[in-house]
Protein chains: 2
Amino acid sequence: MNPGFDLEALRHGNRRALAKAITLVESRLEEHREQAQSILEQTLPLSGNSIRIGITGIPGVGKSTFIEAFGLHLIEQGKRVAVLAVDPSSPIAGGSILGDKTRMEELSRHDAAFIRPSPAEGALGGVAQKTRETMLLCEAAGYDVVLVETVGVGQSEYEVAGMVDFFMVLMLPNAGDELQGIKKGIMELADALVINKADGESVNLASMTLKHYTAAMTLLRHALHWSPQVMTCSALQRENIDGVWNMVLEYEQQVKREQAFQTKRDRQARDWMRHLINEMLQLKLTQNNAAKRLLPELEQQVLAQTMTPYAAARRIIDCL
Amino acid sequence: MNPGFDLEALRHGNRRALAKAITLVESRLEEHREQAQSILEQTLPLSGNSIRIGITGIPGVGKSTFIEAFGLHLIEQGKRVAVLAVDPSSPIAGGSILGDKTRMEELSRHDAAFIRPSPAEGALGGVAQKTRETMLLCEAAGYDVVLVETVGVGQSEYEVAGMVDFFMVLMLPNAGDELQGIKKGIMELADALVINKADGESVNLASMTLKHYTAAMTLLRHALHWSPQVMTCSALQRENIDGVWNMVLEYEQQVKREQAFQTKRDRQARDWMRHLINEMLQLKLTQNNAAKRLLPELEQQVLAQTMTPYAAARRIIDCL
């Protein structure tokens, strides 16, 4: 079924086996997709044992530097760290935001780190589906912490927030610039705001920003089991990186104590399943030739007021 | 096909014929739905000639008093006015927000006004579908202005904004209480904020509120062809009701000059058709016995990590 794929090697953390499985997950070939599904079903019982952390922030906020510092700190604590990316813009930009591993030079050389660029836009479920599956494979390969990075483009932050246990928004020390172009909906998803670049001449500005956002966050609705934290750090100076990690550990303890950790994952899995069902239903329609031919014609009739939207929709559905 | 239904009477504005057609639209019986669709197709070429105005606002803002004052002003201008409601909570509350016509006593007695309470939650497309169809019937019966009222519950404001030409949010004179519990998304849909109850001791507060929201509205993104207006009025004292109507007329002129009026309606019709197609697709699934049986079982397997969400979704779709 999976010629040349070594499940035992993957289970024991072999990087080549992991990379090969991810390549199958990311492939556009139907044959590879089937192999990938078979591997996923075999590795599924081994997955789920990491803490999944989503990291977002506008370009220039220092995401790479932060992830490098954060990842190295985790490795010092004895963790194995996988870094994945969800970047819907990568095919347009001609390369992934993580394609250039020199961005995280020290981390990428480390045995305990596995860095994987964003998959190109793909089949059903899009980039998010592939990243979710890659996450499961990394967990099966024994990675304790999975960092999922995204740039703030389109729906990607929502997608990442929907697949992680803890969602972190990196900010610049810049209190005046309200919300720094970050959508309000994203702030409501954040489990923490981390103000990076709190170093050099920006130290004072960073602590003003801290106050500003601490006040702002109390105005937003959030999850029941956790009050979102706001803190500063300097990824460049490696300052308070341990503070950020301790916060994540505190979060994990608290939500596990209140049984909310698994509840959130269950909700995410259920939501994602529903999402895929919807996409597959849509696909059934777009792959139906009669419906495809009829749609523009019926739309014209609706716009010309010779048919109601209801009657037009009915006729499309009757094609199935 | 439509025993007892008199299309000619409807076209000439006969209230009984209109009420009868709406009753068919709102009926849950399949036979009535078919009759309703037939009537709609016949009246469709006659519809579309009104200006459709959506009105929302939190309970206590004075919606009924405003609609009464606004409607009477329109009738003075020689218009015929239909008042409809989209109230998703009405079946729970045991009655429509417009059920009690004494709310708009003077207006409801008027020959040139037609007031229809919110339909009870119903079949495909929900309350919004029935209200859209009722709107078309009112237009065919010669009503020049259709007012669609909603309380700010759930998705109802979005649904109303998606079926009208002009969307108005009524506010209280209360600058301090930021956004007055109205969702930010709703503010982005608003073509106007109208601060009601600008009378008596509240006059000064209302003008402060006016300044506050005028500033706030510039921060939000809006449609290209119109900058949302903020104004005050007193429905109780019948003050500046003409100002509100003149603003709507100005809007109509401006967007018609820029060809944006029909463009918006076309987009709404297309969006609604897509929405109905999606609902019908969902329905196909929920009406499929095999899928219905399988769903909870597959969900359990996903949560127990013995199946991926992708594989589970695939199996559901294979039932169709």
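Here is the naming used below: chain letters follow the sequence lines, and residue numbers restart at 1 for every chain.
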Colleague: Do B/L298 and A/M273 make a side-chain contact, defined as non-hydrogen atoms from C-beta onward lying under 4.5 Å apart?
Modeller: yes

Colleague: Return the option, out of B/R265, B/E133, B/Q282, with the maximum number of heavy-atom pairs under 4.5 Å with chain A.
Modeller: B/Q282

Colleague: Is there a side-chain contact between B/L276 and A/I317, using heavy atoms and a 4.5 Å cut-off?
Modeller: no

Colleague: Can you find a pair of side-chain heavy atoms, one from B/L295 and one from A/I277, that are under 4.5 Å apart?
Modeller: yes

Colleague: Is the cationic atom of A/R33 (NZ for Lys, CZ for Arg) positioned less than 6.0 Å from the six-membered ring centroid of B/Y310 and within 45 degrees of its normal?
Modeller: yes

Colleague: Under a 4.5 Å heavy-atom cutoff, which of A/N278, A/L44, A/I316 has the most pairs with chain B?
Modeller: A/L44

Colleague: Counting heavy-atom pairs under 4.5 Å to chain B, which of A/E41, A/R270, A/H275 comes out on top?
Modeller: A/R270

Colleague: What residue, out of B/A313, B/A312, B/G48, has the most heavy-atom pairs lying under 4.5 Å from chain A?
Modeller: B/A313

Colleague: If we ignore hydrogens and angles and just use 3.5 Å, is the side chain of B/Q305 paired with the main-chain N or O of A/S47 as donor and acceptor?
Modeller: yes

Colleague: How many angstroms lie between NZ in A/K284 and CG in B/L285, if you round to the nearest 0.5 Å?
Modeller: 10.0 Å

Colleague: So what's closer than 4.5 Å to chain A heavy atoms on B/L283: side chain, backbone, both or neither?
Modeller: neither

Colleague: So for A/E299, is it side chain, backbone, both, or neither that comes closer than 4.5 Å to the heavy atoms of chain B?
Modeller: both

Colleague: Top residue by heavy-atom pair count (under 4.5 Å) with chain B, among A/L320, A/L136, A/T308?
Modeller: A/T308

Colleague: Where does B/R314 contact chain A at under 4.5 Å (heavy atoms): side chain, backbone, both or neither?
Modeller: both

